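Count residues from 1 along the sequence. We count ligands from 1, going down the list as the structure has it; atoms in each ligand are counted the same way. All values below were derived from every heavy atom in this structure, side-chain atoms included, with hydrogens, water molecules and symmetry-related copies excluded. It should be emphasised that the depicted structure is a prediction, and the values quoted were computed from it without experimental measurement.
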Amino acid sequence: MALPEKIHLEIVTPDKQVYSGNVESILVPAQTGYMGILPGHAPLLAELGIGDIEFTADGVTECVACSWGFIEVLPDRVVLLAQEAELSSDIDLKRAEEAKARAEKLLASGDPDVDYAATELAVLRAMSRINAAKSATARQTMRKS
Ligand code: ATP
């Protein structure tokens, strides 16, 4: 039996739907590393980490920065339930760069009152947003040229 060419992707957070549509491929930051999902993938449940979800719909690649949650692969759809997720076009690059600089300053401070584990995660969240925002800009530039 031929595999389907597309699979339905839903990316949701507790307060918004970030994306819903049929896609050709998905790359997801699972906690154990990046995981590729194509239509016809075996069902699975895994944990979402911090990073960038990339998916291709009608040949166009889109990027969503996300942190923590669950990845559910079902026979007819993939549900990514994230604690936080932002479509690259909704990311405020300056805000993410400022958040990264703020967190890095705290990490370098040597202050014993700083929650270093939480601050390292803040750096990773900011880096994932910066990467998503910049890769979207780079793709737009490539499409125009
Ligand atoms: P900041 O220090 O800039 O608030 P943060 O990592 O502490 O960053 P979160 O707690 O992860 O922020 O997210 C809080 C809310 O703000 C979420 O709804 C998230 O989607 C949104 N958000 C955070 N950073 C950005 C950004 N750079 N651009 C757009 N939305 C963002």
Side-chain angles (χ1 to χ4, degrees), residues 4 6-39 41-145:
K6 293 194 178 193
I7 189 157
H8 190 76
L9 172 65
E10 294 278 343
I11 306 177
V12 290
T13 71
D15 46 37
K16 62 181 188 271
Q17 182 176 64
V18 178
Y19 182 83
S20 173
N22 293 330
V23 304
E24 289 106 53
S25 64
I26 312 165
L27 190 66
V28 197
Q31 283 192 24
T32 49
Y34 272 83
M35 176 193 290
I37 302 167
L38 294 172
H41 195 291
L44 67 81
L45 186 62
E47 284 180 287
L48 196 59
I50 297 178
D52 295 332
I53 301 162
E54 277 196 3
F55 56 90
T56 305
D58 295 325
V60 177
T61 301
E62 185 49 275
C63 196
V64 169
C66 72
S67 51
W68 309 131
F70 294 97
I71 302 162
E72 192 179 21
V73 181
L74 298 163
D76 61 337
R77 65 190 191 279
V78 175
V79 182
L80 304 178
L81 175 60
Q83 215 171 78
E84 308 289 353
E86 304 92 33
L87 201 58
S88 57
S89 52
D90 292 334
I91 292 173
D92 178 339
L93 179 59
K94 186 164 172 280
R95 174 175 166 184
E97 284 173 339
E98 284 170 359
K100 178 171 176 275
R102 212 168 37 244
E104 284 176 339
K105 198 171 162 192
L106 280 178
L107 288 179
S109 68
D111 182 343
D113 293 333
V114 169
D115 181 340
Y116 285 88
T119 310
E120 275 172 10
L121 293 178
V123 173
L124 291 182
R125 276 199 309 278
M127 283 172 64
S128 137
R129 286 172 178 138
I130 292 166
N131 189 47
K134 286 190 173 169
S135 64
T137 309
R139 270 195 290 273
Q140 261 178 11
T141 311
M142 273 167 59
R143 278 204 290 273
K144 280 182 196 154
S145 62

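E24 and T56 are not linked by any side-chain donor-acceptor pair at a separation below 3.5 angstrom, with hydrogens and angles left out of the test.
Ligand 1 is surrounded by K16, E84, E86, D90, I91, D92, R95, A96, A99, R102, R125, R129, each with at least one heavy atom closer than 4.0 Å.
With respect to the salt-bridge test (charged N to carboxylate O, under 4.0 angstrom), the residues R102 and E98 do not qualify. Between D58 and K6, at least one side-chain N (NZ, or NE/NH1/NH2) sits under 4.0 Å from a carboxylate O, which counts as a salt bridge.
The side chain to side chain contact (heavy atoms under 4.5 Å, CB included) test applied to E62 returns F55, L87, S88, not counting sequence neighbours.
Residue pairs meeting the salt bridge (Lys or Arg N to Asp or Glu O under 4.0 Å) criterion with at least one partner in residues 122-131, sequence neighbours excluded, are E86-R129. Legend: ring-ring contact (aromatic ring centres under 6.0 Å, His included) pairs involving residues 60-114, not counting sequence neighbours: none detected.
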